Colleague: 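Right, I'll just put the structure down here and ask away after.
Chain identifiers are assigned alphabetically (A, B, ...) following the order of the sequence lines, protein sequences preceding nucleic acid strands; residue numbering begins at 1 within each chain. Small disclaimer: the values here were computed from a predicted structure and weren't measured.
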Protein chains: 4
Amino acid sequence: MTGQTKGPVAGRRADAVRNRARVLAAAEEVFDRLGGTASTAEIARVAGVGIGTVFRHFPTKQDLLAAIVKERLDRLWVEAEDLVAGDDPEAFFVFFRRLVRQSAGKKSIVDALAQEGVGLRADKPIGTLQRLIEPLLTRAKAAGLVRADAELPEVMGVLTGTCQAALGAGWDEDLQARVLDIVFTGLRPR
Amino acid sequence: MTGQTKGPVAGRRADAVRNRARVLAAAEEVFDRLGGTASTAEIARVAGVGIGTVFRHFPTKQDLLAAIVKERLDRLWVEAEDLVAGDDPEAFFVFFRRLVRQSAGKKSIVDALAQEGVGLRADKPIGTLQRLIEPLLTRAKAAGLVRADAELPEVMGVLTGTCQAALGAGWDEDLQARVLDIVFTGLRPR
Amino acid sequence: MTGQTKGPVAGRRADAVRNRARVLAAAEEVFDRLGGTASTAEIARVAGVGIGTVFRHFPTKQDLLAAIVKERLDRLWVEAEDLVAGDDPEAFFVFFRRLVRQSAGKKSIVDALAQEGVGLRADKPIGTLQRLIEPLLTRAKAAGLVRADAELPEVMGVLTGTCQAALGAGWDEDLQARVLDIVFTGLRPR
Amino acid sequence: MTGQTKGPVAGRRADAVRNRARVLAAAEEVFDRLGGTASTAEIARVAGVGIGTVFRHFPTKQDLLAAIVKERLDRLWVEAEDLVAGDDPEAFFVFFRRLVRQSAGKKSIVDALAQEGVGLRADKPIGTLQRLIEPLLTRAKAAGLVRADAELPEVMGVLTGTCQAALGAGWDEDLQARVLDIVFTGLRPR
DNA sequence: AATGAATGAGGCTTCATTCAT
DNA sequence: TATGAATGAAGCCTCATTCAT
């Protein structure tokens, strides 16, 4: 039935990996579009696989949601690494702005930030994000770009809030800039 | 109908009024706790009425959600009126802080702010809120307490963001204060 | 509250009687329009009474349906009596035609004929109708206007069938006449 | 899809096909017995499948009803084709009689005739039936077996009426024959 | 006797999850 | 391993009927 050569070890495994990726991508798209109540069937349809395949890779809808969040955090991590590796003290603001921009229209990234709904006890996304942001914040403070008394918790609070609002309202570029101007002003030293 | 005072109303009507209130209260509690996907049955249980009673008063789940939002906005409106009536230029910050405080742990008030989920074609909650806040903001700007270039849209953005974050994270008093300090600093003139 | 004079014995009773009639009339109208699945509430609304009143007079929806049927049969009976009392041998056809005409658009009269749905074990509407039609048929046969071998059961069959079809299809005058022409031809002696 | 014979189909598909048929059969039985208001659950029970299966195959109760009607019309169509293909001028009467016989005790075939209840915007059952009967009628008239002035509409009227009556009353063979004798006499030339 | 609010069983439908192929 | 049919719990809503006023 599969007909192909059984050649290089991979064989079936390759399909599985590809399918997993497809499902993840589809889920991201669908959840971003319809929110976490979107049906698993819709995801399977978008992914172009059977619904059984979805559940083979992610035994539970929760698992799927969690996987998306993890995936996004991983991606953010990668994006953040360059910034962390570099020594630009403005990196904190760059990353902040980037998060907000990505949030517009993407429910799942916001969920990642807010751990809302999803029972993500396992991965502590907030914690992960914090670990990403902490060094950037520290450096920005050291450079005198962020007020000295701003601690991580309230910075995270402002960040998640801004991202959530950006999501819900579908801000345009201009409004994003204006909101960030307020927030960044609040973060900088007087 | 009777044209009299709207007081306790006569006959059975009293029970109906009481039940309507009970359902509304239960719905508020349940939706705040479980989000908008909570079941109607759960609400009926909490309200201590039959499920039919819930639907008699609110023919649709949407209607119930909308009623809660409206109720909350009405309450906010009342609260805001005093502030508007007075002449304290700090009233803007007072109201802002109050909203954030109330949002902690209350999903539906945040929904009211974000108009998310609820199909509130009728009342445009954001619009309503804006009308509440606009005069306060104007006055604060006139008094030099808010930077002159802060327009309503970005102020609303910061406000809803902060409320949403407060909701999701269940901030304690202290964290709330620290976040607000950042935000308010960003809003004040340099 | 009632305020009126307690005068002539009737008093409350009169209201009750009037209400019963109203409900019956409303039910007839509603069931004819919407069929037997129409809601009791709709009937109360049309009758202009509380739903409790409907159930006071007719403890069950079935009872209401049955009462309508009975009412209609009673009316038919009255209509038939003149015909029976007279000696026109064509009376059979007159009555037949009248039934069909009344059936168009009136679900309940047809139900009366077909005893369908309603659990009318009590009154045997068919039986009642048969008792109405039997003498007319007999006379028509005696006068040589109906074939001698046509017995009551098949005559009733043709009658109910024609009425049911008239109901469902909403025949106009012309079509009614054409169908009846076929049926009557079948009934007359060759 | 496979392009092959429509035979037993491969894989699970076979079960699905069988289940679809079972559901259809059950629905036919149940609706014939209890009318169109019978519950979907009852159908699932009779079919011996889960209720979800019913809805997988027929997303709506309406769809199920419609499918039954369509199925019946298809079957009638097949039955009629032979008659149409042949040249027996009595075929009209044969088909008429067959319809009436099948109607006894089968609510859904009658619904098909009367298009009642079922929202069959798509197929216009009456229209379909008419197309079946028209050629038979024409031929019978040409052969002088049906009076020349009998047009299709009134013939359909008599037909549906007789079928409906047969349904409601549960006629036995003998009564059917006697009714049909009257109707057929009415249809034949004097 | 009239009213209409309350009740809850029951109907239709969705959807996460399981399982046979 | 992939598939998609099957399952049934659960959700929303309707409506006949009861009951307090």
Colleague: If you find the nucleotide of DNA chain F closest to Arg20(D) and the one closest to Pro59(C), which residue's nucleotide is nearer the 5' end?
Modeller: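 Of the two residues, Arg20(D) wins.
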
Colleague: To the nearest Å, how far apart are Arg45(C) CZ and dC15(F) C1'?
Modeller: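 Nearest whole value for this atom pair: 12 Å.
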
Colleague: Using the closest heavy atom to pick a nucleotide of DNA chain F for each, name whichever of Phe55(C) or Arg56(A) lands nearer the 5' end.
Modeller: Arg56(A)

Colleague: Roughly, in whole Å, what's the span from CZ in Arg18(D) to C1' in dA6(F)?
Modeller: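 These atoms are roughly 13 Å apart.
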
Colleague: So do the side chains of Glu71(D) and Asp74(D) get within less than 4.5 Å of each other, counting heavy atoms only?
Modeller: no

Colleague: In whole angstroms, how far is the C1' atom of dT17(E) from the CG atom of Leu64(A)?
Modeller: 14 Å

Colleague: On the nucleotide dA2(E), are OP1 or OP2 found under 4.0 Å from the side-chain N or O atoms that His57(C) carries?
Modeller: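 Yes.
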
Colleague: Please report the distance, rounded to the nearest Å, between CG in Leu34(C) and P in dC15(F).
Modeller: 11 Å

Colleague: Locate the shortest heavy-atom distance separating Ala44(A) from Ile51(A); write the atom from each residue and the value.
Modeller: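 Minimum heavy-atom separation between Ala44(A) and Ile51(A): CB-CA, 3.8 Å.
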
Colleague: So do Leu65(A) and Thr60(A) actually touch side chain to side chain, heavy atoms under 4.5 Å?
Modeller: no

Colleague: Over how many whole Å does the gap from Glu42(C) atom CD to dA16(F) atom P extend?
Modeller: 11 Å

Colleague: Restricting to nitrogen or oxygen on both sides, can you table the protein-nucleotides 9-11 of chain E pairs closer than 3.5 Å?
Modeller:
none

Colleague: Roughly how many Å is it from CD in Gln62(B) to P in dG11(F), rounded to a whole number?
Modeller: 17 Å

Colleague: Under the side chain to side chain donor-acceptor pair (under 3.5 Å) rule, what pairs show up with a residue in residues 42-57 of chain A, not counting sequence neighbours?
Modeller: Glu42(A)-Arg45(A)

Colleague: Check Val54(A) against Leu64(A) and note the closest heavy-atom contact, atom names and distance.
Modeller: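 Closest approach of Val54(A) to Leu64(A): CG1-CD2, 4.2 Å.
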
Colleague: Can you name the closest pair of heavy atoms from Val46(C) and Ala26(C) and give their distance?
Modeller: CG1-CB, 3.7 Å

Colleague: Applying the salt bridge (charged side-chain N to carboxylate O under 4.0 Å, His left out) criterion to Glu28(B), which one of Arg33(B), Arg75(B), Arg22(B) satisfies it?
Modeller: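 For Glu28(B), the salt bridge (charged side-chain N to carboxylate O under 4.0 Å, His left out) test succeeds with only one of Arg33(B), Arg75(B), Arg22(B), which is Arg75(B).
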
Colleague: Looking at Ser39(A), is its backbone amide N or carbonyl O close enough to the side chain of Lys61(A) to form a donor-acceptor pair, meaning the two atoms are under 3.5 Å apart?
Modeller: no

Colleague: Ignoring backbone atoms, test whether Thr53(D) places a side-chain nitrogen or oxygen under 4.0 Å from the OP1 or OP2 oxygen of dT7(F).
Modeller: yes

Colleague: Could you tell me the separation between the CD1 atom of Ile43(C) and the C1' atom of dT3(E), rounded to a whole number of Å?
Modeller: 17 Å

Colleague: Using whole Å, report how far CZ of Arg22(C) lies from P of dA1(E).
Modeller: 17 Å

Colleague: Are there runs of at least three consecutive Watson-Crick or G-U pairs touching DNA chain E, with each pair's two distances under 3.5 angstrom? Give them by first number.
Modeller: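 Only these stems qualify: E:2-21 with F:2-21.
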
Colleague: Identify the two heavy atoms, one from Phe58(B) and one from Leu24(B), that lie closest to each other, and give their separation to 0.1 Å.
Modeller: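 Taking every non-hydrogen atom into account, CZ-CD1, 3.6 Å.
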
Colleague: Ignoring backbone atoms, test whether Asn19(C) places a side-chain nitrogen or oxygen under 4.0 Å from the OP1 or OP2 oxygen of dA2(E).
Modeller: yes

